[in-house]
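Below: the structure, in structure tokens.
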Amino acid sequence: MESFSFLEHFQIWLKAYLILSLFSFMYKDNKFYKLSEHVFAGLSAGYYVGLIWQTVIIQQLVNPMFDKGEWWLIFPGLLGLLMFARMIPKWSWISRTSLAFYMGSTAGIYLIQTLHGFILPQVLSTMVSLDPSNGFAATLLALIIVIGVISTLIYFYFSKEHTGFMGVTARVGIWFIMISFGAHFGYTVMGRISLLIGRVQFLVYDWGESIRQIF
Amino acid sequence: MRTTIPIIVAFLAGTLLIVSFFFHPETIWIGDAKEVILQWMTIVGGFALVLGVVSIVRVNARAVQRKSEGWFYKLMTVISVFAMAIPAMMPVTKESVGGSIFYSIFPDSWMGYLGTGSNSFYDWLFNYVDAPMMETMFAMLAFYIASAAYRAFRARNAEATLLLFTATLVMLWRVPMGEAFLRLFSDNLPGYINTYVMGGFNVAVQRGIIIGAALGAASMSLRIILGIERTYMGK
Amino acid sequence: MDIWEKLNTIDRRWIYLLMFLSILFPTIFVMKFPIELTPEAEQLYNAVEELPDSSVVMLTFDYYASALAETEPMSIAALRHMWRKDMKIITLSNIPLGGPTIAERVTREIAKEFDKVYGVDFVNLGYKANYVAVMHGLASSIESIFPTDYTGTPLSELPLMEHVKSYDDMKFIYCVADNATVDYWISIVNAQYDIPVGSGVTAVMAPKMYSFLEAGQLTGLLGGMKGAAEYEKMVGALGTATIGMDAQSMAHLLIIFLVIVGNVGFFMNRRKAKDAKE
């Protein structure tokens with residue numbers, strides 16, 4: 001491996017310190033952890049401001065208005081600024097129009113997107129052939145999907161009491177749900193461990209190499 | 001008036017986007033109107049995000065002012081917000097009006113370090129301070145999940161047993177050593193887990209949840225467009 | 001106090017230590033256990049492989065830094081695969097915390113390996129707020145939503161963007177995500193604009209994605225670090241995901257062991273309590 005420059009060493013040691021200061025919480029709460037935690041919260045909030053300033057306010061609003069003469073962008077700009085009226089209780093009602101525009105237009109997109117992009121294709125692909133001539137494996141899989149979707153929907157349907165046929169189907173639903181949640185749990189364990197592996201890889205490979213080069 | 005205008009705005013914006021779905025964007029004026037609304041949405045959305053940050057700064061600054069418990073840490077939060085945001089907000093070219101004034105005062109050599117691009121101070125702070133901490137915060141969940149596995153995951157009844165059994169199968173299947181172990185029983189076992197557990201039972205339940213949640217989201221969207229749902233406006 | 005009672009009251013920090021060690025040792029002593037491929041990962045690889053060389057594709061960096069260990073190897077492997085086929089890549093991020101910066105860093109790093117030039121072979125559009133509006137907006141005009149690239153260069157000054165005006169000019173969307181944005185790439189962009197979407201997601205999200213995969217709404221899937229390792233194997237470029245698989249194996253085995261010990265202890269103590277009552 002190439003030898004690190006002074007800046008690279010500094011960056012690696014800084015990252016290592018931050019990682020270890022946060023990990024120290026696993027032993028017990030302490031000042032190093034608290035400091036890192038609060039700096040982290042601040043930097044993350046500051047990131048939003050910098051990003052929005054450059055990519056939205058400058059690139060999408062100010063530059064087109066002044067360079068290209070797209071004066072009508074003053075309207076979304078004003079709508080955006082009106083949002084800040086929420087900070088003053090007496091004037092907070094002024095922000096309603098901006099919020100209404102945001103909520104209304106998002107709702108318009110969501111309505112079509114959920115019906116056309118989620119419900120129709122998902123229902124359509126549940127309408128599968130249960131014909132045994134498709135072969136045992138295909139029929140079994142189709143049966144699992146059809147029974148599972150219906151029983152899950154019934155389990156989450158609370159407008160009617162779960163008794164009789166509804167009760168039995170909801171009971172089947174909970175068994176399906178337990179299997180799916182088990183799979184989800186297995187995947188979640190995997191995901192969390194992967195993140196820790198990433199940190200350990202940094203400490204062993206990068207920080208370890210830096211230590212080796214320095215000492 | 002304070003409620004009627006917002007309801008009309010929500011109705012018009014929402015309805016236009018729904019109607020536009022049924023028309024080809026290039027053949028009717030509605031396509032242009034849709035494009036304008038979408039552009040406006042991204043701009044207004046940006047302000048909404050900043051509003052959240054302003055609230056964070058206000059709450060923390062107040063705590064510092066009052067010297068309430070942990071005020072020093074809260075001060076560090078506020079300083080960090082500005083340390084990240086201010087260099088990023090500075091102009092990155094001389095071509096704009098603000099940029100020409102700024103670089104007549106400060107040296108041109110600062111240009112590369114300001115803004116949000118590669119090699120900027122913002123970029124550096126994110127890559128070497130913020131990102132490692134964010135990664136670590138979430139990595140710590142692995143410890144908690146290990147502790148929970150030992151203390152809380154109990155096969156108390158048939159349903160919990162089924163959950164644990166499936167979780168164990170999936171945990172084995174998703175790693176090379178576990179997969180090799182499963183193959184000791186049958187060479188097809190990993191394939192069966194993928195096909196029947198993930199592609200069968202799991203798909204069925206996820207689909208049920210997706211359909212249920214989508215129906216809920218669609219009805220909520222309709223309530224917002226029709227002005228029945230107004231809680232987002234506040235008091 | 002017998003052994004089961006002692007185990008029941010063990011300090012949780014010992015478990016934390018065990019978890020740390022189970023990852024530390026395989027990271028130091030890598031064994032490189034063979035990685036088996038799943039059909040969904042192969043489907044994604046084949047979808048990219050079957051695209052004509054030099055096609056324009058979109059690669060999204062829809063993830064926060066918190067999930068880098070899982071998602072970054074996917075992005076790196078995807079970039080290597082695409083540039084091996086000399087594809088033109090447009091990147092963007094729908095994440096306001098980290099995504100655009102990560103896209104900038106990762107693409108420029110891998111571009112050096114393939115001598116790719118910014119603006120000609122790849123463009124980073126960056127971020128704009130409200131991703132549902134962004135996804136819709138790109139269908140009619142990229143420039144109306146992204147007048148400039150991430151660093152502020154007007155799109156008209158970037159040669160690649162001369163020929164790329166909307167989704168119509170792209171062949172595939174390769175979405176790497178750690179959150180629900182992938183749902184919208186599927187339900188808006190794939191459903192309404194008919195462009196194939198393939199995805200690499202974190203393990204936590206993967207189970208949900210199987211439903212879209214089965215419905216044909218998703219063209220291939222990588223689930224978590226294992227998915228990334230599979231893609232690295234297919235691309236033939238060893239990366240951090242492949243190296244991490246040994247540690248992943250050991251940690252999974254430890255979790256299973258902890259579940260078993262915890263449950264045996266639970267039943268032993270319950271039986272003891274029952275006997276004492278009688």
Looking at V62(A), T97(A), V123(A), which one has more heavy-atom pairs under 4.5 Å with chain B than the rest? T97(A)
Please classify the contact between I18(B) and chain A as side chain, backbone, both or neither, with a heavy-atom cut-off of under 4.5 Å. both
Before you tell me yes or no, could you show the steps for S125(A) and R207(B) under side-chain hydrogen bond (donor to acceptor under 3.5 Å, both in side chains), namely the whole-Å CA-CA distance, both residues' side-chain angles and the distance that decides it to 0.1 Å? CA-CA 10 Å; S125(A) 57; R207(B) 184 164 291 166; 3.2 Å; yes
Side chain from CB out, backbone as N, CA, C, O: work out which of these in M220(B) comes under 4.5 Å of a heavy atom of chain A, or both, or neither. neither
Residue F126(B) versus chain A: region with a heavy atom under 4.5 Å: side chain
Gap between atom CG of L22(A) and atom CZ of R199(A) - 0.5 Å precision: 10.0 Å
Could you tell me which of D130(B), L17(B), V44(B), N202(B) has the largest number of non-hydrogen atom pairs under 4.5 Å with chain A? D130(B)
Sort out for me which of F25(A), F181(A), F66(A), Y47(A) touches chain B most, counting heavy-atom pairs under 4.5 Å. Y47(A)
Greatest number of non-hydrogen atom pairs under 4.5 angstrom with chain A, of I210(B), V54(B), T136(B), falls to T136(B)
Just give me the residue among I154(A), L14(A), I58(A) that pairs up with chain B most often, heavy atom to heavy atom, under 4.5 Å. L14(A)
Best-contacting candidate, R174(B), K74(B), M171(B), E229(B), against chain A by heavy atom pairs under 4.5 angstrom: R174(B)
Largest heavy-atom contact set with chain A, pairs under 4.5 Å, which of V57(B), T77(B), I224(B): T77(B)
Parallel, tilted or perpendicular, as decided by the 30° and 60° cut-offs, for the rings of Y155(A) and H162(A): tilted
Taking the basic N atoms (NZ, or NE/NH1/NH2) and the acidic carboxylate oxygens, is any pair closer than 4.0 Å for K15(A) and E135(B)? no
First locate atom OH of Y232(B), then atom CZ of R230(B), and finally report the distance between them rounded to the nearest 0.5 Å. 8.5 Å
Most contacts with chain A, counted as non-hydrogen pairs under 4.5 angstrom, among L75(B), L162(B), N60(B): L162(B)
Among F82(B), F165(B), Y144(B), single out the residue with the greatest number of heavy-atom pairs under 4.5 Å to chain A. Y144(B)
Side chain / backbone / both / neither for I37(B) at chain A, heavy atoms under 4.5 Å: both
Y196(B) ring center near F201(B) ring center (under 6.0 Å): no
Go through the atoms of T168(B) and report whether side chain, backbone, both or neither lie under 4.5 Å from a heavy atom of chain A. neither
For A16(A), is it the side chain, the backbone, both or neither that has a heavy atom under 4.5 Å from a heavy atom of chain B? neither
Given a strict heavy-atom distance threshold of 4.5 Å, which part of V149(A) is in contact with chain B: side chain, backbone, both, or neither? both
Pick from L78(A), I109(A), T55(A): which one has the most heavy-atom pairs with chain B under 4.5 Å? I109(A)
Non-hydrogen atoms of chain A under 4.5 Å away: do they reach the side chain of L38(B), the backbone, both or neither? side chain
May I ask you to decide if the ring planes of F121(B) and W124(B) are parallel, tilted or perpendicular, using 30° and 60° as cut-offs? parallel
Less than 4.5 Å to any heavy atom of chain A: does that hold for the side chain of I56(B), its backbone, both, or neither? side chain
What residue, out of K31(A), Q54(A), E37(A), M83(A), has the most heavy-atom pairs lying under 4.5 Å from chain B? Q54(A)
